[in-house]
Amino acid sequence: MTDMAERNAQKPVVTLTDARKSFGDNQVLKGISLEVCTGDVLAIIGPSGGGKSTLLRCLTLLDRLDGGSLSYGSLAVCAEGASGAAVYGGKEVIKEAKTRFGLVFQDFNLFPHYTVLKNVADPLVSVLKMPKEEADVRGRELLAKMGLDGKEDMVPCELSGGQQQRVAIARALAMNPQVLYFDEPTSALDPELTREVLRVIRELAAEHMTMVIVTHEMAFARDVADKLIFMDGGAVVERGRASQVIESPQHERTRAFLSGYLSD
């Protein structure tokens, strides 16, 4: 039983191989490979323009890869064809892939004219065809989990930035994703609100939620992530255990990037 549990714990949720992406003559991703297994927390760090957000956009199908392969579990989203180009599956494959992940944007991306509850529950009705009453129950449960009891009937502009981001996390969790992606979830927040959001993400990590987090919060990445990737110039410069990479980086470029954080 223990062996079976260990095998399940190591089950790949996301597999990306030799991912390549260009915009015109600018090659933004240069052969990125990664694997995220059940319960992993992967932090992705690096300078602006290093390819982190493009990587996340390709993983979440907002952009398409030029080359390489992407799978969610046994579902092959795209594979490399004979010409080297990434060949994507049909509409049903893409639709299924989108049910397997949630995405939390840095700017919340909530519907401003929807109530907080409707922001969370509406995808359950429109995508999963869940009855509205059931969706509302699920939405209220998640908002309570995020510490937002009593905010259900407000609209986003009535909330603080930290509260809006917690609504966005609740919305992403509503679909029961296999993996949750965060794109710089605290970059639009002041330090106090940043602590609110990071606390929620720490709690999700403690519950073994599989997560991929693009972040500039190095102490948070060191303490919460299992694995870490440092990207620069569209390539993975260094990877390993989060605490090891941040505290004892091996590559000169990684050391230079982290020097300001490590000297604190």
Side-chain angles (χ1 to χ4, degrees), residues 4-5 7-16 34-43 56-62 70-77 89 91-106 108-111 114-149 151-152 163-183 185 197-214 224-227:
M4 179 64 76
R7 284 198 296 273
N8 287 340
Q10 294 302 310
K11 184 179 179 181
V13 177
V14 186
T15 305
L16 182 71
L34 60 83
E35 182 178 81
V36 183
C37 295
T38 305
D40 280 349
V41 179
L42 170 66
L56 217 60
R57 288 183 64 83
C58 289
L59 286 168
T60 57
L61 308 179
L62 294 172
L70 170 63
S71 297
Y72 278 93
S74 60
L75 181 71
V77 178
K91 289 181 180 179
E92 290 305 311
V93 169
I94 302 303
K95 182 179 178 181
E96 173 61 25
K98 288 180 177 180
T99 69
R100 301 198 181 191
F101 61 79
L103 173 60
V104 179
F105 298 88
Q106 57 183 284
F108 323 134
N109 215 34
L110 300 174
F111 291 107
Y114 282 7
T115 65
V116 165
L117 179 59
K118 186 172 173 62
N119 263 286
V120 176
D122 191 66
L124 297 174
V125 177
S126 59
V127 178
L128 298 186
K129 309 305 178 187
M130 184 181 289
K132 182 179 182 304
E133 295 76 13
E134 187 178 339
D136 283 353
V137 169
R138 170 76 172 151
R140 290 179 187 279
E141 289 173 350
L142 285 167
L143 288 169
K145 181 182 177 73
M146 295 295 114
L148 295 169
D149 300 76
K151 309 292 186 184
E152 296 88 351
Q163 290 171 330
Q164 290 185 60
Q165 192 62 293
R166 283 184 278 152
V167 174
I169 295 171
R171 180 181 60 186
L173 287 169
M175 304 285 284
N176 284 318
Q178 294 177 8
V179 58
L180 195 56
Y181 293 104
F182 292 86
D183 185 10
V197 173
L198 295 184
R199 176 183 55 78
V200 169
I201 299 174
R202 286 175 190 271
E203 290 170 356
L204 292 174
E207 296 170 5
H208 307 293
M209 181 73 203
T210 308
M211 294 184 282
V212 176
I213 308 168
V214 172
V224 176
D226 309 297
K227 303 175 182 179

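Everything quoted here is computed from the prediction, not taken from an experiment.
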- In sequence, state the C-alpha distance, the side-chain angles, and the governing distance for Val167 and Met146, and then conclude on side-chain contact (heavy atoms from CB on, under 4.5 Å). CA-CA 7 Å; Val167 174; Met146 295 295 114; over 6 Å; no
- Intermediate values then yes/no, side-chain contact (heavy atoms from CB on, under 4.5 Å), Met211 and Val104: CA-CA 11 Å; Met211 294 184 282; Val104 179; over 6 Å; no
- Task: Applying side-chain contact (heavy atoms from CB on, under 4.5 Å), run through Leu59 and Leu103 and close with a yes or a no.
- Result: CA-CA 10 Å; Leu59 286 168; Leu103 173 60; over 6 Å; no
- Task: Would you check, one step at a time, whether the test side-chain contact (heavy atoms from CB on, under 4.5 Å) holds for Val14 with Val212?
- Result: CA-CA 10 Å; Val14 186; Val212 176; 5.7 Å; no
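Checking side-chain atoms of Glu35 against main-chain N and O of Pro12 turns up no donor-acceptor pair under 3.5 Å. Looking at Asp40, its side chain never comes within 3.5 Å of a backbone N or O of Thr210 through a donor-acceptor pair. The main-chain N or O of Asn119 is never found under 3.5 Å from a side-chain atom of Arg171 such that the two would form a donor-acceptor pair. The closest donor-acceptor contact from the side chain of Thr38 to the backbone of Lys11 lies under 3.5 Å.
Checked options Lys98, Lys91, Glu92, Glu96; the residue passing with Ile94 is Lys98 (criterion: side chain to side chain contact (heavy atoms under 4.5 Å, CB included)).
Here the closest non-hydrogen pair linking Thr60 and Phe101 is O-CZ, 3.3 Å. Annotation for Leu180 and Leu173: closest pair CD2-CD2, 3.9 Å, computed over non-hydrogen atoms. What you find for Val41 and Ala205 is that their closest heavy atoms are CG2-CB, 4.1 Å.
The NZ atom of Lys132 lies 11.5 Å from the CG atom of Leu124; values are rounded to the nearest 0.5 Å. Taken from CG in Leu148 to CD in Gln164, the straight-line distance is 10.5 Å, to the nearest 0.5 Å. Here CZ of Arg100 is found 13.0 Å from CE of Met175. Values are rounded to the nearest 0.5 Å.
Contact check on Arg199 versus Glu203 returns a salt bridge, with a Lys/Arg side-chain nitrogen under 4.0 Å from an Asp/Glu carboxylate oxygen.
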